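None of these values were measured; they are calculated from a predicted model. Each chain gets a letter, A, B and so on, in the order its sequence line appears, and its residues count up from 1.
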Amino acid sequence: ILNVEQSPQSLHVQEGDSTNFTCSFPSSNFYALHWYRWETAKSPEALFVMTLNGDEKKKGRISATLNTKEGYSYLYIKGSQPEDSATYLCALSGTYKYIFGTGTRLKVLA
Amino acid sequence: NAGVTQTPKFQVLKTGQSMTLQCAQDMNHNSMYWYRQDPGMGLRLIYYSASEGTTDKGEVPNGYNVSRLNKREFSLRLESAAPSQTSVYFCASRLDRAVYGYTFGSGTRLTVV
């Protein structure tokens, strides 16, 4: 059974701080790695998908990197804002199925 | 608007009652999924359907049945609800390659008392 681990489980940062969190996965059986942003009382929304070792993606103040050889991905948020408060999920995907991590819950304090 | 439509948004059931959660997508996706989300557990796959006419069990299928009525619709049925099925349920769909992400419905908050 594939396991996708995310750390930390939760964190609080001050507005303006930069932060990052980790998604770890088995380096074998890799097809694609997805990041989602999930606000409370809403449904998850796709942020990035990465497939190649060394991939880097960026959307505004949020960016992500991928290392398939060692089995991890980092998500970075630069200059956190209160509206960044959400749970950030990563998922390892195959043709039909995903394996989701349990998420990192971010709270940005004003 | 294109997307995944999920109904109802909220439901309270008594133990032993049955209900069906409806899901429809208009993006011509082959694959559709039902997940449940519980605190500290993340998203767990209940059932999925890779194409019209096929369904497969996921991680936590016990107590549920599904029907892929056509390409658009994928329903989840609780035949005899139990308090352990209190959860938030999400339907999702996507194209059939690993690089494609999910489009999620807005969720159903189900409470079984």
> For chain B, which candidate among A/Pro44, A/Ser43, A/Ala32, A/Gly103 shows the most heavy-atom pairs at distances under 4.5 Å?
A/Pro44

> State plainly whether one hydrophobic cluster holds both B/Leu43 and B/Leu110, where clusters connect Ile, Leu, Val, Met, Phe, Trp and Tyr through side-chain heavy atoms under 4.5 angstrom apart.
no

> Side chain, backbone, both or neither: which part of A/Leu33 has a non-hydrogen atom closer than 4.5 Å to chain B?
neither

> Check A/Lys57 with A/Asp55, please: is the shortest side-chain N to carboxylate O separation under 4.0 Å?
no

> If we define contacts as heavy-atom pairs under 4.5 Å, which of B/Val99, B/Thr103, B/Val88 has the most with chain A?
B/Val99

> Answer with side chain, backbone, both or neither: which region of B/Tyr35 has an atom nearer than 4.5 Å to a non-hydrogen atom of chain A?
side chain

> Going by atom types alone, do B/Glu73 and B/Asn70 pair a side-chain donor with an acceptor below 3.5 Å?
yes

> Return yes if a side-chain donor-acceptor contact under 3.5 Å exists between B/Asp38 and B/Ser87, otherwise no.
yes

> Would you call the rings of A/His34 and A/Tyr36 parallel, tilted or perpendicular, where under 30° means parallel and over 60° means perpendicular?
parallel

> Is B/Leu45 close to chain A through its backbone or its side chain, or both, or neither, when contacts mean heavy atoms under 4.5 Å?
side chain

> Can you tell me which portion of B/Gln37 sits under 4.5 Å from chain A's heavy atoms? Options are side chain, backbone, both or neither.
side chain

